[in-house]
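What follows is a single structure, written as structure tokens, with notes after it.
Quick note: residue numbers are just sequence positions, from 1.
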Amino acid sequence: MLGRLTWAAIPFNEPLPLISMGVVLIVILAVLALVVIKGWVPYLWREWLTSVDHKRIGVMYMTLGLVMLLRGFADAIMMRTQQTIAIGDAQGYLPPDHYNQIFSAHGTIMIFFVAMPLVIGLMNFVVPLQLGARDVAFPTLNSVSFWLTAAGALLINVSLVVGNFARTSWWNYPPLSELAFSPDVGVDYYLWSLQISGIGTVLTGVNFVTTILKVRAPGMTYFRMPVFCWTALAANMLIVAAFPILTATFVMLLLDRYLGMHFFTNDGGGNPMMYPNLFWAWGHPEVYILILPAFGVYSEVVATFSGKALFSYRSMVLATLGICILSFMVWLHHFFTMGAGADVNAFFGMMSTLIAVPTGVKIFNWLFTMFRGRVVFTTPMLYAVGFMVTFVIGGLTGVLLAVPPVDFVLHNSAFLVAHFHNVIIGGVVFGALAGYNYWFPKAFGFTLDERLGKASFWCWLVGFYLAFTPLYVLGLKGMTRRLQHIPDPSWQPWLLVAEVGAIVIFAGILCQIAQLYVSIRGREQRRDLSGDPWNGRTLEWATASPPPAYNFAVLPQVESIDAFWHMKQAGRNAPAPSYVTIEMPRNSPVGFVIAFFAVVTGFALIWHIWWLVVLGFLAAVVMVLVAGWSDDREREVSAAEIAQIEQARLGPRQPAE
């Protein structure tokens, strides 16, 4: 009846998972109780859970990413503490089995459920506004995409309570991930969580490629689009091209595990090395799926807070597209040591070095934008400057690792761990936090506290260098990756410094929480009535903060790059034209309901509860068919209602003749 699911799946004999489970359940129950007691359930259902508004979906993506950041960071600090104390005869407090689960969950959560939701959330909120559009091309599909991502995140966290997680790292390489070596449900949690969220990500890619190519304001030609839109286009083209590779790879591994096939085993003609090739054919474009939108954030932030147009806009666009193409030509540098041969290694080494060139172009463009500008060091600008310094260091270590003989020595060392975090934290996380601080007043109508924002930045920056610079040294000293116990006591001083760095980063996270709390408490004093608190350059600043559901009462007419800046310079606050009725998509529960059944189906597949698999899958299909056949998909916002909203924001204005 319940397949492999028994009471033994709950870790009653392991205190740490039980404590974690108890804390998480208490927090969830407390939040649910607060929502019910305050009577917020109808509001949340109407305005958020069933919303298809790209702005609200963007906020929910960001919220998911920030919440999962806390979860992933908890894993990180547990691992860092274990390595700091488990030296010599001391064994630490994490058993090897539990450490390996935490290690695997940390990487999986940080890539798929922190970095991806943060960058997709920023794209969701900003891109339609910058394009001068009402919404994305497929609003309901956008809701489905988010809720499938949330469903995958939920399944990952269920493994805390029921069963266990994979012990295979976030790459999940065979043969360790094959049934013979991982017979429990850990790898199945990994595979089904990422399959479900991956479907949502592919749908997002299709949606945003279509939106950027087909849904733009009048006059918004390709070379008038803001750079953030270009980086979003490149990232989503990579999603559409790369994520099906990951999906197919996981399908083959699932067939190996569930039906005894041999895609990645030595038996039956399989090839274990095919998995790393396929995984990194997705995995290296994934790095640029994450970093390209962050590059777009920095471009917007640097131009705004330098008071200048971005230096050499066209070279920035061409560099973005160059990265998009080259990212598919470097995957084998992840396993130079696997015996592919000198010629193959040389090609991928040269390609890995070459991809640094368009990235270098971007760094110089940002520096020249700042040159002779009136630079204002707000919190977003500090993140941008901190990124430039940190990312250059990470890039240089990446070029070093792109040399095969060097990689032979450093590949399996802590040096590579430091390089990867140098790029992801210094690039993606700093970019997401810069975008969070930059667009927060547009999303909520009030600014964030600058003092706490800057304190958080300095904690992140200093903490990062303290946490990961020692790993470069330890890698050169011979410390390998994935160690639960440290055999060499001489490494302990460096690990203690890294532990201090993790604590400083935690202080930065606490500053962010305090910043949000203080800003909400004082929101009336921090209210932005102009819609343009930073003297911005692009179209998202041309509408109210927060924007109305329809974004723009009248679609803007774009005549140049930095369209809003030129409108302001030309003094175009002229009388508005007559308003017309606007058709907007209706709210829909389809995404939420499909995600619910996806969780049920995924859980049933993990535990081999086949009758529940059939019911959950059929329910999801029925929901898709019902939504597809529905004709009641749009609502009208009347011209009178629009006029009332706009007059409340702008005051009485005479319509144009």
Side-chain angles (χ1 to χ4, degrees), residues 48-49 51-76 105-128 136 141-158 170 190 193-208 228 231-232 235-236 238-239 242-243 246 282 285-294 296-297 424-425 427-440 443 509 512-513 516 591-592 594-595 598-599 602:
W48 291 94
L49 301 183
S51 177
V52 298
D53 185 337
H54 71 95
K55 300 178 289 297
R56 294 191 182 275
I57 291 172
V59 170
M60 289 192 288
Y61 264 116
M62 291 292 291
T63 303
L64 174 65
L66 293 171
V67 169
M68 295 302 286
L69 175 63
L70 295 175
R71 164 77 167 86
F73 181 79
D75 290 340
H106 170 72
T108 306
I109 286 169
M110 285 298 198
I111 295 296
F112 291 97
F113 300 112
V114 175
M116 286 298 289
L118 289 176
V119 298
I120 292 175
L122 289 175
M123 290 189 293
N124 250 288
F125 185 85
V126 177
V127 166
V136 295
L141 196 67
N142 200 19
S143 172
V144 173
S145 300
F146 166 73
W147 285 111
L148 287 177
T149 302
L154 178 59
L155 267 183
I156 284 277
N157 285 286
V158 168
W170 75 277
Y190 172 97
S193 299
L194 298 191
Q195 287 292 59
I196 291 168
S197 65
I199 293 170
T201 304
V202 171
L203 296 178
T204 293
V206 171
N207 206 345
F208 274 89
F228 184 75
T231 58
N236 283 283
L238 288 175
I239 286 174
F243 261 83
L246 186 70
W282 161 83
E286 165 67 6
V287 173
Y288 292 98
I289 289 168
L290 297 177
I291 200 64
L292 282 172
V297 172
I424 295 298
I425 293 179
V428 180
V429 176
F430 279 18
L433 295 176
Y436 164 76
N437 282 273
Y438 182 59
W439 282 301
F440 187 94
I509 294 173
Q512 286 177 270
I513 295 170
L516 185 61
F592 185 85
I594 286 175
V599 171

Worked verdict on Phe112 versus Leu194 for side chain to side chain contact (heavy atoms under 4.5 Å, CB included): CA-CA 8 Å; Phe112 291 97; Leu194 298 191; 3.6 Å; yes
Met60 vs Trp147 side-chain heavy atoms within contact, under 4.5 Å: yes
With Trp48, the side-chain contact (heavy atoms from CB on, under 4.5 Å) member among Thr63, Val59, Ile57, Asp53: Val59
Inter-residue atom distance Leu70.CG - Ile513.CD1, 0.5 Å rounding: 5.5 Å
Sub-4.5 Å side-chain heavy-atom contact between Leu203 and Asn207: no
Leu64 and Phe146, any side-chain heavy atoms less than 4.5 Å apart: yes
Met68 to Phe113 - nearest heavy-atom pair and separation: CB-O, 3.2 Å
Close side-chain approach of Ile289 and Glu286, heavy atoms under 4.5 Å: yes
Heavy-atom donor-acceptor pair, Thr231 side chain to Phe228 backbone, under 3.5 Å: yes
Closest heavy-atom pair and its distance - Leu238, Pro285: CD1-O, 4.0 Å
Considering all heavy atoms, the nearest Val114-Leu69 contact: CG2-N, 3.4 Å
Approximate separation, where rounding is to 0.5 Å, of Ile111 CD1 and Ile424 CD1: 5.0 Å
Closest non-hydrogen atom pair, Gly152 against Ser197: CA-CB, 4.3 Å
Can you give me every donor-acceptor pair (side chain of residues 117-127, partner residue at least two apart or in another chain, under 3.5 Å) with its distance?
unit_1: Asn124; atom_1: OD1; unit_2: Asn142; atom_2: ND2; d: 2.6
unit_1: Asn124; atom_1: ND2; unit_2: Ile120; atom_2: O; d: 3.4

Point-to-point distance, once rounded to the nearest 0.5 Å, from CD1 of Ile239 to CG of Leu246: 12.0 Å
Nearest heavy-atom neighbours spanning Ala235 and Leu292: N-CD1, 4.2 Å
Heavy-atom closest pair, residues Tyr288 and Pro293: O-CD, 4.1 Å
Euclidean distance, Met116 CE relative to Phe243 CZ, rounded to 0.5 Å: 4.0 Å
Pairs flagged by salt bridge (charged side-chain N to carboxylate O under 4.0 Å, His left out) wherever residues 57-75 is involved - sequence neighbours left out: Arg71-Asp75
Distance (rounded to the nearest 0.5 Å) between Met110 CE and Phe73 CZ: 8.0 Å
CZ on Phe440 to CG on Leu516, rounded to 0.5 Å: 5.5 Å
Side-chain heavy atoms of Thr149 within contact of Tyr61, under 4.5 Å: yes
